[in-house]
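For ligands, and for the atoms within them, numbers begin at 1 and follow the listed sequence. Worth saying up front: this structure is predicted, and the values here are computed from it rather than measured.
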Amino acid sequence: MKITVLTLFPEMFENFLNTSIVGRSLQRGLAEVEFVQIRDFAPGNYKHVDDTPFGGGSGMVMKCQPVLDALNSVKTENSYTLLTSPAGKPYNQQKARELCKKDHLIILCGHYEGMDARINDHVDELVSIGDYVLTGGELASMVIIDSVVRLLKGAIRDTSTDEESHENGLLEYPQYTHPADYNGEKVPEVLLSGNHAKIREWRVMQSLKLTKELRPDLYEKHEFTDEEKKILKKYDL
Ligand code: SAM
């Protein structure tokens with residue numbers, strides 16, 4: 001998979017792309033990330049990429065011409081283009097699963113007051129990583145790249161992502177590691193039992209319980225499997 005990031009600040013990505021799972025995956029060639037400096041497409045000596053908003057108001061707006069020329073320099077019929085924006089569709093694990101199947105992902109990073117609204121018609125989707133405003137789209141792009149790259153085959157063991165939070169619409173069950181007793185705080189007995197069926201049942205039960213408590217919004221729209229329905233009944237959740 002190839003990922004192209006259109007940005008004014010490619011230097012922000014340096015450590016991120018060399019670290020941990022993303023770093024290893026890129027080194028192994030599972031994905032390739034390239035950058036296009038939007039300013040390279042701005043004309044004149046001053047290379048202005050932004051201008052004042054029509055109708056007045058504070059801040060500057062990124063202009064169509066440099067952004068769209070930069071986009072058109074890399075876009076092909078296999079590309080899927082995302083524009084990062086607080087007004088975009090909320091990003092989630094399901095979207096990451098969809099995006100990890102794309103051949104070529106292009107991510108556009110806005111800055112200042114954002115982009116000229118006409119640019120929206122030249123992308124496949126506007127994506128928001130949450131209901132808050134960032135200074136630029138670079139952190140949002142890193143969130144998208146991280147969540148997509150770790151899903152690529154070979155990035156991590158398949159089973160590591162299968163049971164993670166949000167994969168099946170629920171939060172993950174609590175995890176524990178050694179020691180089994182930390183200053184009197186004990187790991188649940190069932191996890192030490194070696195009984196895989198019981199451990200699975202406990203984990204599903206915990207996952208349902210946690211989601212109900214912490215994310216009632218997810219719990220309400222979850223479609224329960226037969227196994228989950230049985231466990232709900234058994235534990236009276
Ligand atoms: N004036 C814009 C508004 O009120 O919607 C905010 C612009 S923001 C300061 C600059 C850029 O940061 C945006 O163009 C976008 O690329 C990025 N950005 C900010 N918040 C974001 C979010 N929650 N999700 C994705 N991108 C975001």
Side-chain angles (χ1 to χ4, degrees), residues 1-17 19 22 31 33-43 46-75 79-102 104-151 164-166 214-215 217-218:
M1 156 180 237
K2 183 171 163 182
I3 303 173
T4 307
V5 183
L6 276 68
T7 171
L8 293 169
F9 302 98
E11 65 276 12
M12 283 181 70
F13 292 78
E14 211 169 289
N15 281 339
F16 163 66
L17 292 179
T19 308
V22 172
V33 180
E34 67 169 19
F35 294 93
V36 173
Q37 170 54 266
I38 298 171
R39 204 174 290 285
D40 289 346
F41 292 81
Y46 292 106
K47 300 271 179 200
H48 284 311
V49 291
D50 55 344
D51 210 334
T52 52
F54 280 123
S58 61
M60 301 291 271
V61 176
M62 287 177 73
K63 290 153 68 83
C64 287
Q65 177 271 317
V67 173
L68 292 180
D69 283 358
L71 177 59
N72 291 329
S73 75
V74 289
K75 201 172 176 181
S79 307
Y80 192 83
T81 308
L82 301 177
L83 170 57
T84 54
S85 163
K89 215 168 145 192
Y91 187 71
N92 60 22
Q93 188 66 12
Q94 197 189 330
K95 181 55 65 183
R97 283 264 171 218
E98 263 172 63
L99 296 179
C100 77
K101 298 193 185 101
K102 305 283 182 201
H104 182 207
L105 198 59
I106 301 176
I107 311 177
L108 264 169
C109 302
H111 227 85
Y112 315 118
E113 278 307 312
M115 301 218 179
D116 187 306
R118 288 168 287 191
I119 293 169
N120 296 358
D121 296 334
H122 296 257
V123 304
D124 293 299
E125 230 181 307
L126 269 65
V127 173
S128 164
I129 62 156
D131 291 342
Y132 40 77
V133 177
L134 300 163
T135 304
E138 287 73 16
L139 286 172
S141 297
M142 288 186 232
V143 167
I144 295 167
I145 293 170
D146 189 309
S147 57
V148 167
V149 167
R150 69 199 305 285
L151 292 177
E164 279 183 321
S165 295
H166 303 296
L214 302 177
R215 292 293 303 274
D217 56 321
L218 295 180

(message) Check whether Q37 reaches the backbone of R39 with its side chain - one donor and one acceptor, N or O, closer than 3.5 Å.
(response) yes
(message) Heavy atoms only, cut-off 4.0 Å: how does Y91 contact ligand 1, side chain, backbone, both, or neither?
(response) neither
(message) I'd like the name of whichever of G114, G136, S85 reaches closest to atom 26 (N) of ligand 1 through any heavy atom.
(response) S85
(request) With heavy atoms of G137 as the reference, note each atom of ligand 1 found under 4.0 Å away. (result) 12 (O), 16 (O), 17 (C)
(message) Check this for me - ligand 1, E113, N or O atoms closer than 3.5 angstrom, yes or no?
(response) yes
(message) Which heavy atom of A42 sits nearest to which heavy atom of V49, and what is that distance?
(response) CB-CG1, 4.0 Å
(request) For V127, take its heavy atoms, then give the atoms of ligand 1 lying under 4.0 Å from any of them. (result) 25 (C)
(request) Heavy-atom contacts with G130 under 4.0 Å: which atoms of ligand 1 show up? List them by number with element. (result) 23 (N)
(message) I need the atoms of ligand 1 closer than 4.0 Å to a non-hydrogen atom of V133, numbered in the order shown.
(response) 6 (C), 8 (S), 9 (C), 20 (N)
(request) Please say whether more than 12 non-hydrogen atoms of neighbouring residues, nucleotides or ligands are located less than 6.0 Å from CD in E11. (result) yes
Could you list the donor-acceptor pairs under 3.5 angstrom formed by side chains in residues 130-137, with sequence neighbours left out?
residue	atom	partner	partner atom	Å
Y132	OH	I129	O	3.0

(request) Provide the number and element of each atom of ligand 1 under 4.0 Å from a heavy atom of Y132. (result) 20 (N), 22 (C), 23 (N)
(request) Taking all non-hydrogen atoms of both residues into account, name the closest pair between E138 and L8 and its distance. (result) OE2-N, 3.9 Å
(message) Closer than 3.5 angstrom, by distance alone: can the side chain of D124 be matched with the main-chain N or O of T81 as a donor-acceptor pair?
(response) yes
(request) Output yes when the distance from some N or O of ligand 1 to some N or O of G110 is under 3.5 Å, and no in every other case. (result) yes
(request) For N72 and L68, indicate whether the former's side chain and the latter's backbone hold a donor-acceptor pair under 3.5 Å. (result) yes
(message) A quick test of your reading: do over 12 heavy atoms of other residues, nucleotides or ligands sit less than 6.0 Å from CD of Q65?
(response) yes
(request) Output the list of atoms in ligand 1 that are nearer than 4.0 Å to some heavy atom of A140, sorted by atom number. (result) 25 (C), 26 (N)
(request) Run down the list A87, P86, S128 and name the one with the heavy atom closest to atom 18 (N) of ligand 1. (result) P86
(request) Using a 4.0 Å heavy-atom cut-off, say whether T135 meets ligand 1 through its side chain, its backbone, both or neither. (result) backbone
(request) Just jot down the ligand 1 atoms closer than 4.0 angstrom to any heavy atom of Y112, in number order. (result) 7 (C), 8 (S), 9 (C), 10 (C)
(request) Could you check atom 15 (C) of ligand 1 against the protein and tell me its nearest heavy-atom contact, residue, atom and distance included? (result) T84 O, 3.2 Å
(request) From the options V61, L134, D131, select the one whose nearest heavy atom is closest to atom 8 (S) of ligand 1. (result) L134
(request) Compare all side-chain heavy atoms of V5 with those of I145 and state whether any distance is below 4.5 angstrom. (result) yes
(message) Please list the nearest protein heavy atom to atom 24 (N) of ligand 1 with its residue and the distance rounded to 0.1 Å.
(response) I129 N, 3.1 Å
(message) Check whether K75 reaches the backbone of H122 with its side chain - one donor and one acceptor, N or O, closer than 3.5 Å.
(response) yes
